[in-house]
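Data first, discussion second: the structure below is written as structure tokens.
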2 protein chains.
Amino acid sequence: MKQLKTVMGLAKTEIFTDTQNEIASIAKAFGHPARVAILQHLFKINTCVCGDLVNEIGLAQPTISQHLKELKMLGLIKGNVEGTSVCYCIHKDNWIKMKALINTFLNQDNEANASSCC
Amino acid sequence: MKQLKTVMGLAKTEIFTDTQNEIASIAKAFGHPARVAILQHLFKINTCVCGDLVNEIGLAQPTISQHLKELKMLGLIKGNVEGTSVCYCIHKDNWIKMKALINTFLNQDNEANASSCC
DNA sequence: ACTTTTAATCGTAACATTGCGATGAAACAA
DNA sequence: TTGTTTCATCGCAATGTTACGATTAAAAGT
């Protein structure tokens, strides 16, 4: 009987549904205060932001760049090159799609009846 | 000029607001498919669940126990000892409070006007 | 008392994440 | 061409997270 070798430290995504993995991926992006702060700032400014994210958040430039990369890979933000600087803003279409997925998860308690215990 | 020593690998929570840190903490809990699956199962069953979480999710008992501990510490679930087994269920009051916080973050796009770029 | 059942905890292995200095690349200015 | 600015990437250090075997603890059954 062949047994799948478990790789320690790595989440076993294979045993979960696509939806479960997708929810987890998005939640992970929100799982760091710097990324929360970046998104809040982009919404507040409400236009492309070129550069001043490093000044706004108190982290070094490579660190901010890394956080932006993760948000961009998930499709939550867009980045447009503008001369020497790069302008970032929220990807509103994807944000709405993301919200729908997360809200379905968060609103599970609406469908559930009053529990019979606890 | 004394410089705060940065501890590598550790999130610099001090430079963010309480709300930002709180959102990140909750999101972190949802940031693993096993915990998403556990919560979904608890909602689906809609009563206390004694034991069968290990059978339901395909992970070893100590691993499930660890995930349950994190969800419990965050207040999202409750655990009642019942003989030799322990029964878990959603902490509905805290779930609603948590939803309010996350929804404020997710619905930022409603307040923002049409962006002037991108 | 002894065994069984159930779940927490301990210890450890391995990968992931965070942070930043140093460096590189690309556009612009002089 | 030679700086300058702006940001991405590399490389590393340090802590965090995930997973599970082994063990422990507590209640219940025999």
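Labels below follow one simple rule: chain letters A, B, ... track the order of the sequence lines, proteins then strands, and each chain is numbered from 1.
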Q.
Between C1' on D:dG16 and CE on B:Met73, what's the gap in Å once rounded to a whole number?
A. 13 Å

**Q.** Atom-to-atom span, CG of A:Asn21 to P of D:dT18 - whole angstrom
**A.** 13 Å

Q.
Ignoring hydrogens and geometry beyond distance, is a side-chain donor-acceptor pair present between B:Lys78 and B:Asn94 at under 3.5 Å?
A. no

Q | Integer-rounded Å distance: C:dA16 P and A:His67 NE2 | A | 17 Å

Could you run down the sub-3.5 Å N/O contacts of the protein with nucleotides 25-29 of chain D?
none

**Q.** A:Leu106 side chain near B:Ile102 side chain, heavy-atom distance below 4.5 Å
**A.** yes

Q. If you look at every heavy atom in A:Lys28 and A:Arg35, which pair is closest and at what distance?
A. O-NH2, 3.2 Å

Q) To the nearest Å, how far apart are A:Phe16 CZ and D:dA19 C1'? A) 11 Å

Q | Minimum heavy-atom distance between B:Leu59 and B:Ala34, given as atom pair plus value | A | CD1-CB, 3.7 Å

Filtered N/O pairs between nucleotides 8-12 of chain D and protein, under 3.5 Å:
from	atom 1	to	atom 2	distance (Å)
D:dA8	OP1	A:Tyr88	OH	2.1
D:dA8	OP2	A:Ser65	OG	2.6
D:dA8	O5'	A:Ser65	OG	3.4
D:dA8	N7	A:Gln61	NE2	2.7
D:dA8	N6	A:Gln61	OE1	3.1

Q.
Are the side chains of B:Asn21 and B:Thr17 in contact, using a 4.5 Å heavy-atom criterion?
A. no

(Q) For the aromatic rings, using the six-membered ring if either is Trp, is the centroid distance between B:Phe30 and A:Phe30 under 6.0 Å? (A) no

Q: Could you check how far CG of B:Asp52 sits from C1' of C:dA7, rounded to whole Å?
A: 13 Å

Q: Answer yes or no: is there a donor N or O on one side and an acceptor on the other, between the side chain of B:Thr104 and the main chain of B:Ala100, under 3.5 Å?
A: yes

Q.
Please report the distance, rounded to the nearest Å, between CG in B:Leu59 and C1' in D:dC20.
A. 10 Å

Q: Using atom CD of A:Glu56 as one end and atom P of D:dT6 as the other, report the distance to the nearest whole Å.
A: 16 Å

Q) Checking all strands, does B:Ser85 fall into the base, sugar-phosphate, or nothing category for heavy-atom contacts under 4.0 angstrom? A) sugar-phosphate

Q. What are the two closest non-hydrogen atoms of B:Ile57 and B:Ala37, and how far apart are they?
A. CD1-CB, 3.6 Å

Q: For A:Gln40 and B:Gln20, test the side chains for any donor-to-acceptor distance below 3.5 angstrom and give the result as yes or no.
A: yes

Q: Strictly below 4.0 Å, heavy-atom distances to any atom of DNA chain C: list the hits from residues 28-39 of chain A, or just say none.
A: A:Lys28, A:His32, A:Arg35

**Q.** Contact check, side chains of A:Lys72 and A:Lys69, non-hydrogen atoms, under 4.5 Å
**A.** no

Q: Provide, to the nearest angstrom, the distance between the CD1 atom belonging to A:Ile57 and the P atom belonging to C:dT18.
A: 14 Å

Q) Donor-acceptor pair, B:Trp95 side chain versus B:Gly75 backbone, under 3.5 Å? A) no

